[in-house]
Amino acid sequence: MEQPNLSYLTSLSEGDKEFEKKLIQIIKSEFPGEYKLYKQNIEHKNYLKASENVHKLKHKISILGLEKSYAIASEFEISLKEKEDDFLKGEFEKIMQIITDYLMNL
Amino acid sequence: MNCIIIDDENTARAIINQLCTKVSNLNVVEEFSNAIQAIKYLNQNEVDLIFLDIHMPDFSGFDFIQTLKSPPKIILTTSDSKFAIDAFEYDCIVDYLVKPILLPRFEKAIQKAQSVSKKAKTNINQDKVEQASGNELYVNIDRRLIKIDIPSIYLIEAKGDYILVKTEDKNYTVHSTLKKIEEKLPTNLFLKVHRSFIINVTKIVDIEDNSVLIKKDVIPVSRSSRPELMNRLNLL
(Lines give C-alpha, C1' and ligand atoms only; values in the text may rest on other atoms or scores of the structure.)
Protein backbone atom coordinates (compact mmCIF):
# COMPACT_ATOMS: atom_id res chain seq x y z
CA MET A 1 0.00 0.00 0.00
CA GLU A 2 1.24 3.51 -0.81
CA GLN A 3 2.63 5.58 2.03
CA PRO A 4 1.93 9.22 2.92
CA ASN A 5 4.55 11.85 2.10
CA LEU A 6 5.06 15.57 2.48
CA SER A 7 6.07 16.43 -1.08
CA TYR A 8 2.98 18.59 -1.71
CA LEU A 9 3.52 20.40 1.55
CA THR A 10 7.20 21.10 0.83
CA SER A 11 6.42 22.30 -2.69
CA LEU A 12 3.93 24.69 -1.17
CA SER A 13 6.23 25.92 1.58
CA GLU A 14 9.27 26.51 -0.67
CA GLY A 15 11.44 26.08 2.43
CA ASP A 16 9.21 28.02 4.80
CA LYS A 17 9.66 25.77 7.86
CA GLU A 18 7.22 27.80 9.95
CA PHE A 19 4.45 27.15 7.44
CA GLU A 20 5.30 23.44 7.24
CA LYS A 21 5.11 23.16 11.01
CA LYS A 22 1.86 25.10 11.14
CA LEU A 23 0.16 23.02 8.44
CA ILE A 24 1.25 19.71 9.96
CA GLN A 25 -0.13 20.92 13.27
CA ILE A 26 -3.45 21.84 11.67
CA ILE A 27 -3.73 18.47 9.91
CA LYS A 28 -2.83 16.64 13.13
CA SER A 29 -5.51 18.52 15.05
CA GLU A 30 -8.22 18.38 12.36
CA PHE A 31 -7.84 14.80 11.07
CA PRO A 32 -8.79 12.79 14.21
CA GLY A 33 -12.02 14.77 14.71
CA GLU A 34 -13.06 14.36 11.10
CA TYR A 35 -12.37 10.62 11.18
CA LYS A 36 -14.24 10.26 14.48
CA LEU A 37 -17.27 12.00 12.97
CA TYR A 38 -17.11 9.65 9.99
CA LYS A 39 -17.09 6.60 12.28
CA GLN A 40 -20.02 7.92 14.30
CA ASN A 41 -22.05 8.56 11.16
CA ILE A 42 -21.25 5.09 9.80
CA GLU A 43 -22.25 3.56 13.12
CA HIS A 44 -25.59 5.39 13.01
CA LYS A 45 -26.03 4.60 9.31
CA ASN A 46 -26.02 8.33 8.44
CA TYR A 47 -24.43 7.56 5.11
CA LEU A 48 -25.01 10.97 3.57
CA LYS A 49 -23.29 12.68 6.49
CA ALA A 50 -20.54 10.07 6.35
CA SER A 51 -20.00 10.89 2.67
CA GLU A 52 -19.48 14.54 3.65
CA ASN A 53 -16.88 13.42 6.19
CA VAL A 54 -15.14 11.34 3.52
CA HIS A 55 -15.19 14.38 1.23
CA LYS A 56 -13.28 16.40 3.81
CA LEU A 57 -10.88 13.58 4.60
CA LYS A 58 -10.21 13.21 0.87
CA HIS A 59 -8.47 16.57 0.85
CA LYS A 60 -6.10 15.41 3.60
CA ILE A 61 -5.44 12.21 1.64
CA SER A 62 -4.45 14.27 -1.40
CA ILE A 63 -2.29 16.64 0.64
CA LEU A 64 -0.38 13.61 1.92
CA GLY A 65 0.31 12.51 -1.65
CA LEU A 66 -1.84 9.35 -1.56
CA GLU A 67 -3.09 9.29 -5.14
CA LYS A 68 -4.50 5.75 -5.29
CA SER A 69 -6.09 6.18 -1.88
CA TYR A 70 -7.68 9.40 -3.10
CA ALA A 71 -9.33 7.49 -5.94
CA ILE A 72 -10.65 4.89 -3.49
CA ALA A 73 -11.98 7.61 -1.17
CA SER A 74 -13.71 9.35 -4.09
CA GLU A 75 -15.48 6.14 -5.07
CA PHE A 76 -16.40 5.45 -1.48
CA GLU A 77 -17.84 8.96 -1.11
CA ILE A 78 -20.14 8.32 -4.07
CA SER A 79 -21.24 4.90 -2.81
CA LEU A 80 -22.09 6.39 0.59
CA LYS A 81 -24.25 9.01 -1.11
CA GLU A 82 -26.13 6.13 -2.67
CA LYS A 83 -26.50 4.71 0.83
CA GLU A 84 -24.33 1.75 0.08
CA ASP A 85 -22.13 0.44 2.83
CA ASP A 86 -19.89 -1.57 0.55
CA PHE A 87 -16.50 -3.22 0.40
CA LEU A 88 -14.73 0.13 -0.06
CA LYS A 89 -15.37 0.87 3.60
CA GLY A 90 -12.65 -1.58 4.62
CA GLU A 91 -10.22 -0.12 2.08
CA PHE A 92 -10.99 3.40 3.18
CA GLU A 93 -10.54 2.59 6.86
CA LYS A 94 -7.15 0.99 6.12
CA ILE A 95 -6.10 4.28 4.51
CA MET A 96 -7.31 6.15 7.57
CA GLN A 97 -5.23 3.89 9.81
CA ILE A 98 -2.12 4.47 7.69
CA ILE A 99 -2.63 8.24 7.97
CA THR A 100 -3.29 8.01 11.71
CA ASP A 101 -0.01 6.11 12.22
CA TYR A 102 1.88 8.50 9.96
CA LEU A 103 0.60 11.61 11.75
CA MET A 104 1.45 10.11 15.14
CA ASN A 105 5.08 9.81 14.10
CA LEU A 106 5.34 13.26 12.48
CA MET B 1 -6.75 42.87 -4.55
CA ASN B 2 -8.40 42.33 -1.18
CA CYS B 3 -9.74 38.82 -0.80
CA ILE B 4 -11.49 36.56 1.67
CA ILE B 5 -11.37 32.78 2.04
CA ILE B 6 -14.49 30.73 2.77
CA ASP B 7 -13.86 27.08 3.57
CA ASP B 8 -15.07 24.93 6.43
CA GLU B 9 -11.74 23.10 6.52
CA ASN B 10 -8.95 24.78 8.47
CA THR B 11 -6.28 22.96 6.43
CA ALA B 12 -7.70 24.30 3.17
CA ARG B 13 -7.81 27.88 4.49
CA ALA B 14 -4.18 27.65 5.64
CA ILE B 15 -3.10 26.38 2.21
CA ILE B 16 -4.94 29.11 0.29
CA ASN B 17 -3.54 31.69 2.68
CA GLN B 18 -0.03 30.39 2.00
CA LEU B 19 -0.63 30.45 -1.78
CA CYS B 20 -1.82 34.06 -1.50
CA THR B 21 1.51 35.06 0.07
CA LYS B 22 3.24 33.93 -3.13
CA VAL B 23 1.33 36.41 -5.28
CA SER B 24 1.98 40.14 -5.15
CA ASN B 25 -0.93 42.57 -4.63
CA LEU B 26 -3.09 39.87 -3.09
CA ASN B 27 -4.17 40.59 0.45
CA VAL B 28 -6.21 38.15 2.56
CA VAL B 29 -8.38 40.38 4.74
CA GLU B 30 -10.50 37.70 6.39
CA GLU B 31 -11.15 33.95 6.60
CA PHE B 32 -14.46 32.23 7.31
CA SER B 33 -15.27 28.66 8.20
CA ASN B 34 -18.87 29.06 7.06
CA ALA B 35 -20.78 31.05 4.47
CA ILE B 36 -23.21 32.68 6.92
CA GLN B 37 -20.37 34.52 8.69
CA ALA B 38 -19.06 35.65 5.31
CA ILE B 39 -22.47 37.04 4.29
CA LYS B 40 -22.54 39.13 7.47
CA TYR B 41 -19.03 40.41 6.73
CA LEU B 42 -19.87 41.25 3.11
CA ASN B 43 -22.91 43.24 4.22
CA GLN B 44 -20.47 45.66 5.86
CA ASN B 45 -17.33 45.32 3.75
CA GLU B 46 -16.31 45.18 0.12
CA VAL B 47 -13.75 42.75 -1.27
CA ASP B 48 -12.32 42.20 -4.75
CA LEU B 49 -12.10 38.44 -4.70
CA ILE B 50 -13.50 35.44 -2.81
CA PHE B 51 -11.96 31.98 -2.61
CA LEU B 52 -15.02 29.86 -2.09
CA ASP B 53 -15.33 26.19 -1.22
CA ILE B 54 -18.38 24.64 -2.86
CA HIS B 55 -18.81 21.67 -0.60
CA MET B 56 -19.73 22.98 2.83
CA PRO B 57 -22.31 21.51 5.21
CA ASP B 58 -25.74 23.19 5.45
CA PHE B 59 -24.94 26.09 3.11
CA SER B 60 -23.05 25.29 -0.08
CA GLY B 61 -20.87 27.66 -2.08
CA PHE B 62 -23.55 27.95 -4.76
CA ASP B 63 -26.20 28.78 -2.11
CA PHE B 64 -23.84 31.48 -0.88
CA ILE B 65 -23.40 33.06 -4.33
CA GLN B 66 -27.16 33.29 -4.76
CA THR B 67 -27.45 35.43 -1.63
CA LEU B 68 -25.11 38.10 -3.02
CA LYS B 69 -26.73 40.99 -4.89
CA SER B 70 -23.57 42.10 -6.67
CA PRO B 71 -20.96 39.43 -6.03
CA PRO B 72 -17.26 40.21 -6.40
CA LYS B 73 -15.06 37.92 -8.46
CA ILE B 74 -15.08 34.38 -7.13
CA ILE B 75 -12.59 31.55 -7.49
CA LEU B 76 -14.16 28.22 -6.57
CA THR B 77 -12.04 25.75 -4.64
CA THR B 78 -13.18 22.16 -4.41
CA SER B 79 -12.11 18.55 -4.27
CA ASP B 80 -14.58 17.69 -7.03
CA SER B 81 -14.31 18.57 -10.69
CA LYS B 82 -17.95 17.59 -11.23
CA PHE B 83 -19.29 21.07 -10.36
CA ALA B 84 -17.29 22.79 -13.11
CA ILE B 85 -20.27 22.93 -15.49
CA ASP B 86 -22.48 24.54 -12.82
CA ALA B 87 -19.81 27.21 -12.36
CA PHE B 88 -20.42 28.48 -15.90
CA GLU B 89 -23.89 29.58 -14.78
CA TYR B 90 -22.36 32.44 -12.79
CA ASP B 91 -20.64 35.45 -14.39
CA CYS B 92 -18.83 36.25 -11.14
CA ILE B 93 -16.92 32.94 -11.13
CA VAL B 94 -13.58 33.53 -12.80
CA ASP B 95 -11.95 30.15 -12.18
CA TYR B 96 -12.33 26.74 -10.63
CA LEU B 97 -9.47 25.20 -8.64
CA VAL B 98 -9.43 21.52 -7.77
CA LYS B 99 -7.72 20.63 -4.46
CA PRO B 100 -4.91 20.03 -3.78
CA ILE B 101 -4.11 23.38 -5.38
CA LEU B 102 -0.69 23.79 -6.94
CA LEU B 103 1.05 27.16 -7.11
CA PRO B 104 1.28 27.48 -10.95
CA ARG B 105 -2.44 26.76 -11.31
CA PHE B 106 -3.22 29.17 -8.48
CA GLU B 107 -1.18 31.94 -10.14
CA LYS B 108 -3.05 31.38 -13.39
CA ALA B 109 -6.38 31.78 -11.58
CA ILE B 110 -5.23 35.05 -10.04
CA GLN B 111 -4.13 36.33 -13.45
CA LYS B 112 -7.61 35.54 -14.75
CA ALA B 113 -9.19 37.44 -11.86
CA GLN B 114 -6.89 40.42 -12.49
CA SER B 115 -7.65 40.51 -16.20
CA VAL B 116 -11.40 40.44 -15.44
CA SER B 117 -10.84 43.46 -13.14
CA LYS B 118 -9.13 45.43 -15.90
CA LYS B 119 -11.89 44.66 -18.38
CA ALA B 120 -14.51 45.69 -15.83
CA LYS B 121 -12.78 49.04 -15.31
CA THR B 122 -12.69 49.84 -19.02
CA ASN B 123 -16.35 48.95 -19.31
CA ILE B 124 -17.44 51.24 -16.49
CA ASN B 125 -17.77 54.36 -18.66
CA GLN B 126 -19.65 52.50 -21.35
CA ASP B 127 -21.99 51.01 -18.79
CA LYS B 128 -22.70 54.44 -17.34
CA VAL B 129 -23.85 55.67 -20.74
CA GLU B 130 -25.96 52.61 -21.33
CA GLN B 131 -27.46 52.52 -17.86
CA ALA B 132 -31.07 53.41 -17.50
CA SER B 133 -31.31 56.85 -15.93
CA GLY B 134 -34.94 56.34 -15.00
CA ASN B 135 -37.45 55.26 -17.56
CA GLU B 136 -34.90 55.16 -20.35
CA LEU B 137 -32.52 52.56 -21.60
CA TYR B 138 -29.82 53.27 -24.15
CA VAL B 139 -28.91 50.45 -26.52
CA ASN B 140 -25.99 50.28 -28.87
CA ILE B 141 -27.10 49.59 -32.45
CA ASP B 142 -24.71 50.10 -35.35
CA ARG B 143 -22.46 52.27 -33.16
CA ARG B 144 -25.37 54.56 -32.22
CA LEU B 145 -26.81 54.75 -28.74
CA ILE B 146 -30.55 54.65 -29.17
CA LYS B 147 -32.92 55.63 -26.37
CA ILE B 148 -35.78 53.27 -25.57
CA ASP B 149 -38.59 54.19 -23.23
CA ILE B 150 -38.58 51.27 -20.75
CA PRO B 151 -42.35 51.11 -20.02
CA SER B 152 -43.00 50.89 -23.77
CA ILE B 153 -41.09 47.60 -23.95
CA TYR B 154 -43.53 44.70 -23.88
CA LEU B 155 -41.35 41.76 -24.84
CA ILE B 156 -37.66 40.81 -25.07
CA GLU B 157 -36.64 37.64 -26.83
CA ALA B 158 -33.21 35.98 -26.86
CA LYS B 159 -31.96 35.23 -30.35
CA GLY B 160 -28.52 33.65 -30.15
CA ASP B 161 -25.97 36.41 -29.49
CA TYR B 162 -28.70 39.06 -29.89
CA ILE B 163 -31.90 40.09 -28.18
CA LEU B 164 -35.01 41.34 -29.88
CA VAL B 165 -36.58 44.21 -27.92
CA LYS B 166 -40.21 44.82 -28.89
CA THR B 167 -41.79 48.15 -27.97
CA GLU B 168 -45.14 49.81 -28.72
CA ASP B 169 -43.58 51.66 -31.68
CA LYS B 170 -40.65 49.69 -32.93
CA ASN B 171 -38.55 46.55 -32.59
CA TYR B 172 -34.80 46.65 -31.92
CA THR B 173 -32.22 43.92 -32.44
CA VAL B 174 -29.39 44.46 -29.96
CA HIS B 175 -26.12 42.58 -29.47
CA SER B 176 -26.63 41.62 -25.81
CA THR B 177 -28.04 38.91 -23.57
CA LEU B 178 -31.29 38.51 -21.67
CA LYS B 179 -29.30 38.40 -18.43
CA LYS B 180 -27.68 41.80 -19.10
CA ILE B 181 -30.90 43.58 -20.03
CA GLU B 182 -32.77 41.94 -17.16
CA GLU B 183 -30.37 43.66 -14.74
CA LYS B 184 -31.29 47.06 -16.22
CA LEU B 185 -35.04 46.64 -16.07
CA PRO B 186 -37.34 47.41 -13.12
CA THR B 187 -38.32 44.13 -11.50
CA ASN B 188 -41.85 45.35 -10.76
CA LEU B 189 -42.60 45.63 -14.50
CA PHE B 190 -40.61 42.83 -16.05
CA LEU B 191 -40.39 39.11 -15.49
CA LYS B 192 -38.35 36.40 -17.17
CA VAL B 193 -41.00 33.76 -17.91
CA HIS B 194 -38.82 31.47 -19.96
CA ARG B 195 -35.11 31.11 -20.66
CA SER B 196 -35.66 32.98 -23.94
CA PHE B 197 -38.29 35.56 -22.95
CA ILE B 198 -38.74 38.53 -20.64
CA ILE B 199 -42.20 40.09 -20.61
CA ASN B 200 -43.66 43.33 -19.33
CA VAL B 201 -46.31 41.96 -16.96
CA THR B 202 -48.48 45.08 -17.36
CA LYS B 203 -48.91 44.26 -21.05
CA ILE B 204 -50.36 40.77 -20.57
CA VAL B 205 -53.58 40.19 -22.49
CA ASP B 206 -54.33 36.71 -21.19
CA ILE B 207 -52.74 33.63 -19.68
CA GLU B 208 -53.38 30.05 -20.60
CA ASP B 209 -51.82 27.03 -18.88
CA ASN B 210 -48.22 27.29 -20.05
CA SER B 211 -48.32 30.41 -22.18
CA VAL B 212 -49.07 34.08 -21.99
CA LEU B 213 -50.44 36.42 -24.66
CA ILE B 214 -48.56 39.74 -24.94
CA LYS B 215 -49.95 41.94 -27.70
CA LYS B 216 -50.15 39.39 -30.50
CA ASP B 217 -47.29 37.21 -29.29
CA VAL B 218 -47.92 33.92 -27.53
CA ILE B 219 -45.01 33.37 -25.15
CA PRO B 220 -44.23 30.09 -23.35
CA VAL B 221 -44.07 30.18 -19.55
CA SER B 222 -41.68 27.75 -17.89
CA ARG B 223 -42.95 25.68 -15.00
CA SER B 224 -40.49 27.33 -12.59
CA SER B 225 -41.60 30.87 -13.59
CA ARG B 226 -45.32 30.24 -13.33
CA PRO B 227 -45.67 30.73 -9.51
CA GLU B 228 -43.89 34.11 -9.68
CA LEU B 229 -46.04 35.17 -12.65
CA MET B 230 -49.23 34.26 -10.76
CA ASN B 231 -47.96 36.23 -7.73
CA ARG B 232 -47.65 39.33 -9.88
CA LEU B 233 -51.28 39.23 -11.02
CA ASN B 234 -54.12 41.02 -9.34
CA LEU B 235 -56.37 37.97 -9.26
CA LEU B 236 -60.06 38.20 -8.45
Side-chain angles (χ1 to χ4, degrees), chain A residues 4-35 37-38 41 46 48-67 69-78 80-81 99 103, chain B residues 5-24 26-28 31-36 51-64 75-86 96-110:
Chain A
N5 62 75
L6 297 177
S7 57
Y8 172 70
L9 199 152
T10 49
S11 77
L12 205 61
S13 74
E14 292 178 325
D16 180 349
K17 294 290 168 199
E18 271 304 302
F19 169 72
E20 286 177 17
K21 208 170 137 188
K22 183 183 155 191
L23 196 69
I24 290 168
Q25 213 45 53
I26 292 172
I27 295 171
K28 281 174 102 166
S29 66
E30 213 169 31
F31 177 83
E34 286 172 2
Y35 186 37
L37 264 182
Y38 155 84
N41 283 321
N46 292 330
L48 200 61
K49 286 272 175 205
S51 80
E52 286 171 10
N53 305 138
V54 173
H55 181 86
K56 253 196 215 182
L57 288 160
K58 235 168 64 171
H59 187 213
K60 309 258 181 331
I61 294 171
S62 69
I63 290 169
L64 295 171
L66 298 165
E67 290 177 20
S69 304
Y70 183 85
I72 293 168
S74 295
E75 268 189 63
F76 184 44
E77 182 190 353
I78 294 166
L80 282 171
K81 273 183 192 155
I99 293 177
L103 291 177
Chain B
I5 303 166
I6 309 171
D7 199 307
D8 60 322
E9 202 192 338
N10 197 357
T11 309
R13 295 197 303 276
I15 288 173
I16 295 169
N17 222 323
Q18 172 72 2
L19 288 163
C20 287
T21 65
K22 310 280 179 194
V23 180
S24 57
L26 194 55
N27 180 31
V28 180
E31 288 178 25
F32 301 95
S33 60
N34 71 66
I36 308 288
F51 293 99
L52 177 65
D53 181 27
I54 299 173
H55 204 282
M56 290 184 286
D58 305 326
F59 208 77
S60 79
F62 289 123
D63 293 335
F64 167 78
I75 294 176
L76 293 180
T77 59
T78 173
S79 297
D80 284 309
S81 53
K82 67 181 179 190
F83 296 112
I85 291 170
D86 297 333
Y96 187 99
L97 294 174
V98 179
K99 297 171 186 173
I101 305 165
L102 300 169
L103 182 59
R105 185 64 189 84
F106 182 80
E107 287 173 329
K108 200 175 164 188
I110 299 302

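Only a predicted model underlies this, so the values are computations on that prediction, with no experimental measurement involved. Letters A, B, ... are given to chains in the order of the sequence lines, protein chains preceding strands, and every chain is numbered from 1.
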Would you find more than 12 non-hydrogen atoms of other residues, nucleotides or ligands less than 6.0 Å from B:K22 atom NZ?
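Yes, NZ of B:K22 has more than 12 neighbouring heavy atoms, counting only those of other groups under 6.0 Å.
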I would like to know whether A:N41 and A:N53 meet side chain to side chain donor-acceptor pair (under 3.5 Å); could you show each step before the answer?
CA-CA 9 Å; A:N41 283 321; A:N53 305 138; 2.8 Å; yes
Test salt bridge (charged side-chain N to carboxylate O under 4.0 Å, His left out) on A:E77 and A:K81; report intermediate values, then the result.
CA-CA 6 Å; A:E77 182 190 353; A:K81 273 183 192 155; 3.5 Å; yes
Evaluate the side-chain proximity of B:I75 to B:L97: yes if any heavy-atom separation is below 4.5 Å, no if none is.
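With C-beta onward as the side chain, the pair touches.
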Would you mind checking which part of A:K56 comes under 4.5 Å of any heavy atom in chain B, side chain (CB onward), backbone (N, CA, C, O), both or neither?
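For A:K56, heavy atoms of backbone and side chain both lie under 4.5 Å from chain B.
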Under a 4.5 Å heavy-atom cut-off, does chain B meet the side chain of A:L12, its backbone, both or neither?
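A:L12 touches chain B through backbone and side-chain heavy atoms alike.
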Test your reading of the model: is there a side-chain donor-acceptor pair from A:D16 to the backbone of A:F19, 3.5 Å cut-off?
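Checked: pair present.
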Apply the test side chain to side chain contact (heavy atoms under 4.5 Å, CB included) to residues A:Y70 and B:S79: give CA-CA distance (whole Å), side-chain angles for both, the deciding distance (0.1 Å), then the verdict.
CA-CA 10 Å; A:Y70 183 85; B:S79 297; 3.8 Å; yes
Which bit of B:D53 comes within less than 4.5 Å of chain A, counting heavy atoms only: side chain, backbone, both or neither?
neither
Taking the six-membered ring for Trp, are the ring centroids of B:F51 and B:F106 within less than 6.0 Å of each other?
yes
Is any residue of residues 24-34 of chain A within less than 4.5 Å of chain B by heavy atoms, and which ones?
A:I26, A:I27, A:E30, A:E34
